[in-house]
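Let me give you the structure first, and then I'll get to my questions.
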Amino acid sequence: MKKEPFVTLEQLKEIDRTYPTPYHLYDEKGIRENVRRLKDAFSWNKGFKEYFAVKATPNPFILNILKEYGCGCDCSSMTELMLSDALGFRENDIMFSSNDTPAEEFQFARKIGATINLDDITHIDFLEECAGIPETICCRYNPGGVFKISNDIMDNPGDAKYGFTTEQLFEGIRILKEKGVKNFGLHAFLASNTVTNDYYPLLAKVLFEVAVNLKQELGVHIGFINLSGGIGIPYRPDQEPNDIYRIAAGVKKVYDEILVPAGMDDVALYTELGRYMLGPYGCLVTKAIHEKHIHKEYVGCDACAVNLMRPAIYGAYHHITVMGKEHEPADHLYDITGSLCENNDKFAVDRMLPKIDVGDYLVIHDTGAHGFAMGYNYNGKLKSAELLLKEDGSVQMIRRAETAKDYFATFDYCDILKDMKWESL
Ligand SMILES: *Cc1c(COP(=O)(O)O)cnc(C)c1O
């Protein structure tokens, strides 16, 4: 499928008059249409709820858009809980799917009524001690082994640090029942960025079967099953996008086959999608500022891995459009680089693109999730702004760019930088 930006060159030139590159731009229209489709696809399940994985795009303006559609938040840290609480997400709106969790975070999660998704059997005692056991609790399951679709290995849960083993799950839930838990949830996240309609149905089958066994063996009430994240997006133009309607129909089929005959037709389904909700509806906009001709051809742009880390750390592919040259032949071989003193700071390696001139706008696609959020400050580089392209075509700044003052803010407790020329920053 041809990948096209959701913004035009004319719009970028207009935005440039107010907001300099680089910045992350989000597509309000795309976000809204996508969340409506998700809700519609799962509308057959009465209790269905998406808990957006806050870590993917922790921006309050974005969370508020999703909130309009009844989405909740999936958090895994103190600041994510604080953000969700501050935006008015309340009981049943916050899932706390953390691991290696500090006591204060369990305490705060309980205080704001978040649903705790326990990552480990030893956390039962830990939670009881630091925050008490709630009446509703979720347990994260890790069946181990490898997770396969036909002969394709999708991921390797046996290597993953998360969750209870099967034995621990039965034992843990028995203990939790004794400690007064009345309503249980089950959760598993077994493969990431899956570009296939089969992942959720297969995962659902694993969880539904365990849920039926838990109910039959322990007599517990399973109120919800959380399919978590993992639905992927087509980063590459040759990938076939997932079809959320087919995915939801596949889940319904196993629901009808496994849960309904076991008298569990009231189980609510939850999701914690991040990438699928936002990935395609964000892009990183950067400008070419240098060209360099040595052993290879390089184009240097004004963004760097600090703005988007995925290519540098995973070698991840992000499609790039040279704006205004969409119809020119891709007959130049480039490495597209940032300015970090790190040779892996490249948005693309050996990529065929139209001839790039200094001043050209490059749109780096699919940065709406796990893009800005993974940013860091290596080389003292500052994080960019985040902008929202609204449905009416106007642009709203939803996070300002970091300033040098922000960067140095953690020295504000002392006067070591008293000679800093703040005005020049
Ligand atoms: C990261 C994460 C998600 C979201 O994953 P995506 O790949 O963005 O869908 C959901 N749940 C948990 C517990 C996570 O850690």
Side-chain angles (χ1 to χ4, degrees), residues 26 31 34-35 37-38 41-42 49-59 62-63 66 71-81 83-84 89 93-101 105-106 109 114-120 123 137-142 147 154-157 159-164 185-197 199-200 203-204 207 224-235 239 241-242 244 247-248 251 269-282 308-310 313-314 316 318 366-374:
Y26 300 93
I31 295 169
N34 189 55
V35 62
R37 274 194 299 269
L38 173 77
F42 279 97
K49 192 173 173 92
E50 151 72 359
Y51 292 82
F52 176 66
V54 174
K55 73 166 189 272
T57 320
N59 185 297
I62 300 281
L63 295 181
L66 298 175
C71 293
C73 292
D74 161 38
C75 301
S76 53
S77 70
M78 184 63 107
T79 50
E80 289 173 4
L81 288 170
L83 177 59
S84 306
F89 288 93
D93 292 337
I94 306 177
M95 189 64 62
F96 188 44
S97 294
S98 60
N99 68 93
D100 191 16
T101 314
E105 297 188 8
F106 274 140
T115 303
I116 288 172
N117 182 12
L118 271 192
D119 182 63
D120 191 59
H123 292 184
I137 205 159
C138 185
C139 291
R140 184 166 184 167
Y141 178 41
N142 182 342
F147 192 71
M154 303 213 56
D155 226 319
N156 199 345
D159 262 354
K161 66 173 176 172
Y162 310 105
F164 295 56
L186 282 183
H187 168 283
F189 189 169
L190 303 185
S192 201
N193 190 28
T194 59
V195 191
T196 158
N197 295 323
Y199 168 64
Y200 254 17
L203 170 73
L207 284 170
F224 61 91
I225 290 177
N226 184 342
L227 300 174
S228 189
I231 297 188
I233 58 168
Y235 284 101
Q239 284 176 304
N242 286 323
I244 199 66
I247 291 173
V251 173
L269 292 183
Y270 296 164
T271 55
E272 294 175 338
L273 297 167
R275 194 183 317 269
Y276 183 78
M277 301 307 288
L278 257 297
Y281 313 109
L308 176 68
M309 228 178 153
R310 299 185 71 258
I313 58 170
Y314 310 127
H318 278 264
D366 301 319
T367 67
H370 310 296
F372 177 93
M374 274 190 186

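Both counts, for ligands and for their atoms, begin at 1 and track the order of listing. Computed over heavy atoms, backbone and side chain alike; hydrogens, waters and symmetry mates excluded.
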Relative to the heavy atoms of Gly230, which atoms of ligand 1 are at a distance of less than 4.0 Å? 6 (P), 7 (O), 9 (O)
Region of Asn193 that comes within reach of ligand 1 [heavy atoms, distance under 4.0 Å]: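 It is neither; nothing of Asn193 touches ligand 1.
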Report yes if the side chains of Ser192 and Arg275 come closer than 4.5 Å at any heavy-atom pair, otherwise no.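 Side chain of Ser192 against side chain of Arg275, heavy atoms only: contact under 4.5 Å found.
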Under 4.0 Å, heavy atoms only, figure out whether ligand 1 is touched by the backbone of Met95, its side chain, both or neither. neither
Can you find a heavy atom in the side chain of Met154 that is under 4.5 Å from one in the side chain of Leu190? no
Checking contacts here: is it the side chain or the backbone of Ala53 that comes within 4.0 Å of ligand 1, counting heavy atoms only? Could be both or neither. side chain
Can you confirm, on distance only, whether ligand 1 has an N/O atom lying under 3.5 Å from any N/O atom belonging to Arg140?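 Such a contact does not occur with ligand 1.
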Which of the ligand 1 atoms, numbered from 1, are nearer than 4.0 Å to a heavy atom of Arg275: 6 (P), 7 (O), 8 (O), 9 (O)
For the residue pair Phe147 and Tyr199, does the interplanar ring angle fall in the parallel (under 30°), tilted (30 to 60°) or perpendicular (over 60°) class? perpendicular
Hey, is Ser76 one of the residues with a heavy atom under 4.0 angstrom from ligand 1?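 No heavy atom of Ser76 comes that close to ligand 1.
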Counting only nitrogen or oxygen atoms and a 3.5 angstrom limit, does Lys55 reach ligand 1?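 There is such a contact, yes.
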Is the closest side-chain heavy-atom distance between Phe52 and Phe89 below 4.5 Å?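 Answer no - side chains too far apart.
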For atom 13 (C) of ligand 1, the closest protein heavy atom turns out to be Glu272 OE1, 3.5 Å
Does Ser97, backbone or side chain, put an N or O under 3.5 Å from an N or O of ligand 1?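 There is no such contact.
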Show the atoms of ligand 1 that are less than 4.0 angstrom away from any heavy atom in His370. 6 (P), 8 (O)
For atom CG of Asn156, decide whether the heavy atoms of other residues, nucleotides or ligands shown that lie under 6.0 angstrom number more than 12.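 Count over threshold, so yes.
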Side-chain contact, heavy-atom cut-off 4.5 Å: Phe224 with Met95?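 Yes, at least one pair of side-chain atoms sits under 4.5 Å.
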Hey, what do you get for CD (Glu105) to OG1 (Thr79), rounding to the nearest 0.5 Å?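 Between Glu105 CD and Thr79 OG1, I get 8.0 Å after rounding to 0.5 Å.
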Thr194/Asp155 under side-chain contact (heavy atoms from CB on, under 4.5 Å): CA gap, chis, key distance, verdict: CA-CA 9 Å; Thr194 59; Asp155 226 319; over 6 Å; no
Under a 4.0 Å threshold between the charged nitrogen and the carboxylate oxygen, would Lys49 count as salt-bridged to Asp93?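 Counted as a salt bridge, because a side-chain N and a carboxylate O are separated by less than 4.0 Å.
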Against ligand 1, does Ala56 come closer than 4.0 Å with any heavy atom?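 No, that is not the case, since the closest heavy atom of the residue is not under 4.0 Å from the ligand.
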Mode of Tyr276 contact toward ligand 1 - side chain, backbone, both, neither (heavy atoms, under 4.0 Å):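 Neither; nothing of Tyr276 gets under 4.0 Å from ligand 1.
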Regarding ligand 1, does Gly274 bring an N or O atom to under 3.5 Å of one of the ligand's N or O atoms?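 For ligand 1, there is an N or O atom that lies under 3.5 Å from one belonging to Gly274.
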